[in-house]
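Residue numbers begin at 1 in each chain, while the letters A, B, ... track the order of the sequences.
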Amino acid sequence: MSFLPVDEQLAIIKRGTVEIVPEEELIKKLKKSRKENKPLRVKLGVDPTRPDLHLGHSVILRKLRQFQDLGHEAILIIGGFTAMIGDPTGQNKTRPPLTPEEVSENAETYISQAKKILDQSKTVIVNNNDWLGSMSFMDIVKLSSNLTVARMIERDDFSKRFENSEPISLHEFLYPLAQGQDSVHLKSDIELGGTDQKFNLLVGRDLQRADNQAPQICLMMPLLVGTDGSKKMSKSYDNYIGIDEPANDIYGKSLSIPDDLIYSYFELVSDVSIEKLAELKDQIRKDPRNSKHELAFTITRMYHGEAGAKAAREHFEQTVINKDVPDDAPELEYAAGSTIRLMDIISDAELTQSNGETKRLMKQGGVSLNDEKISDPNAEVEFLKGSQFDLKVGKRKFARLIGV
RNA sequence: GGGGGGAUACCAAAGUGGCCAACUGGGGCAGACUGUAAAUCUGUUGGCGUAAGCCUUCGUAGGUUCGAAUCCUGCUCCCCCCA
């Protein structure tokens, strides 16, 4: 395996990057690696707290993938031990620690989803419980002596909590140490993280130095803004696009991002080439509509393939733009000659959660049968042999009723 | 160790004996509009019922009362101040 020239590697590495600390050292490491034909060890630690991955997670995983494609060694650390501490980063309160069972369960789903992005054959997956779990109290005391309290409470999240007289548990101070110890143990050359991870990543450098290792390079990626256009993408804000979601949802949700986010999505979560990226700036400004459709298509294709993306695009055009019932709507059969209340049909098909909700929707004009709004909760449907009704409930729920 | 405050629907937060299924904001959902599942405007937001109405819900278990989210008692949890 031969490595690309350093400047070409650097261009790929720097795509979307917020900060590389320090960049000159990275260049040196890349040069050395190329000269000696020895891959760099690139580390990414993940907390298996929330196992469902979304595009926000994909930003950093994709960066790791890029390192893999450049021929470097990707090490994915499952924070089995650290998850039991709980990362205090950005938290305004102590996180509830997970049990070992929850951790291993989450880790499994995490890995299976992460493999959609990473090169499976080349990814080294380790669990930091394997080395952190066996450290002695004395080991931890020694490790702790590398950092001062002053340094810890410089951190924004801690100082805020401290000023507001909110509790900071002592064990939370140990989190960055644990993460840094991972770097020492793995002798990592580079560690990836979000901008909010800067402190934790820098501690890795300190600990490596204390262990007489060459300190790692810290590479920070931005936090992806969610579909609401303001907060970072997160499950708890419900502004996320899950990589495991159905193609139709990925496509539709991608289209719902504000226009000024289109570029950064292309840059951070899509696989378009760097050359294409340069053209896109102009294209987005001139034609945001089609650019966003292209974005939605690209993202959907990455997780559902070309055919899946095409189907999702058609589905979107049919249901949202033309407001038609899609071809793949579930079909419900009713005996010819029977007359059934529409509300019961909707409830039985579980298109709503309660009769109250159905009634509400009907009154608000959210229910239509063959393009005709039905607002009477007592409306009935009469089935004859071969009769067919296209039922639309709200914006996104459909069914085809057929008399047999 | 001492003193004080609190727990209300998805979240935040009013309500302090009947007019409370519970103000208001956020979120969600729907309609209009739109290139869009964005923005904006409007409506809506416990369950059953065509409806009248009934049932369940205000940390938890009891009690007072014709009647309680509101008063009393025990319990659980959270927070603040002082030491």
5' precedence on RNA chain B between A:Gly394 and A:Arg341 (nearest-nucleotide basis): A:Gly394
Of A:Leu255 and A:Met343, the one whose closest RNA chain B nucleotide lies more 5':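 It is A:Leu255, whose closest nucleotide lies nearer the 5' terminus.
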Side chains of [X] and [Y], heavy atoms from C-beta outward: is any pair under 4.5 Å?
| X | Y | answer |
| --- | --- | --- |
| A:Lys276 | A:Phe266 | no |
| A:Phe67 | A:Glu73 | no |
| A:Leu255 | A:Phe316 | yes |

Expressed as a whole number of angstroms, how long is the span from [X]:[atom1] to [N]:[atom2]?
| X | N | atom1 | atom2 | value |
| --- | --- | --- | --- | --- |
| A:Phe316 | B:U36 | CZ | P | 7 Å |
| A:Glu317 | B:U34 | CD | P | 18 Å |
| A:Tyr240 | B:G28 | OH | C1' | 13 Å |
| A:His293 | B:A38 | NE2 | C1' | 12 Å |
| A:Glu357 | B:G49 | CD | P | 14 Å |
| A:Tyr265 | B:A38 | OH | P | 14 Å |
| A:Gln353 | B:G46 | CD | P | 13 Å |
| A:Ile250 | B:A37 | CD1 | C1' | 14 Å |

Could I get a table of every N or O pair under 3.5 Å where one atom is in the protein and the other is in nucleotides 11-13 of chain B?
none

How far does the [atom1] atom of [N] sit from the matching atom of [M], given to the nearest Å?
| N | M | atom1 | answer |
| --- | --- | --- | --- |
| B:U24 | B:A14 | P | 15 Å |
| B:G27 | B:A13 | C1' | 14 Å |
| B:G17 | B:C71 | P | 8 Å |
| B:G74 | B:C80 | C1' | 25 Å |
| B:A22 | B:U57 | C1' | 10 Å |
| B:G53 | B:G26 | P | 32 Å |
| B:G1 | B:U16 | C1' | 33 Å |
| B:C23 | B:U34 | P | 34 Å |

A:His72 ring center near A:Phe3 ring center (under 6.0 Å): yes
Presence of donor-acceptor pair under 3.5 Å, side chain of A:Asn239 and base of B:G27: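 In this structure, the two groups form no donor-acceptor pair.
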Approximate separation, where rounding is to 0.5 Å, of A:Ser234 OG and A:His54 NE2: 5.5 Å
Atom pair OH (A:Tyr303) and CZ (A:Arg301), whose distance is rounded to the nearest 0.5 Å: 11.5 Å
Looking at every strand, decide which applies to [X] at a 4.0 Å heavy-atom threshold: base, sugar-phosphate, or nothing.
| X | result |
| --- | --- |
| A:Gly252 | base |
| A:Asp260 | nothing |
| A:Lys363 | nothing |
| A:Asp376 | nothing |

Considering Watson-Crick and G-U wobble pairs with both distances under 3.5 Å, what does [N] pair with?
| N | result |
| --- | --- |
| B:G46 | B:C55 |
| B:C19 | none |
| B:C71 | B:G63 |
| B:A7 | B:U76 |

Options [options], nucleotide nearest the side-chain atoms of [X]:
| X | options | value |
| --- | --- | --- |
| A:Asn378 | B:C29, B:C48, B:U50 | B:U50 |
| A:Arg289 | B:A38, B:G35, B:G47 | B:G35 |
| A:Ser354 | B:U36, B:A51, B:G47 | B:G47 |
| A:Arg360 | B:U50, B:A37, B:U45 | B:U45 |
| A:Gln364 | B:G35, B:C48, B:G43 | B:G43 |
| A:Lys373 | B:A32, B:G35, B:U50 | B:A32 |

Distance-only side-chain donor-acceptor flag, A:His57 / A:Tyr110, under 3.5 Å: no
Between A:Gln66 and A:Lys63: side-chain donor-acceptor atoms closer than 3.5 Å: yes
Test log, rule salt bridge (charged side-chain N to carboxylate O under 4.0 Å, His left out), inputs A:Glu191 and A:Lys43: CA-CA 5 Å; A:Glu191 176 163 10; A:Lys43 165 203 171 199; 2.8 Å; yes
Option among A:Leu44, A:Leu201, A:Leu30, A:Val42 that satisfies the side-chain contact (heavy atoms from CB on, under 4.5 Å) test with A:Ile190: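 In the set A:Leu44, A:Leu201, A:Leu30, A:Val42, the residue that makes a side-chain contact (heavy atoms from CB on, under 4.5 Å) with A:Ile190 is A:Val42.
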side-chain N/O A:Asn355 vs B:G47 OP1/OP2, d < 4.0 Å: no
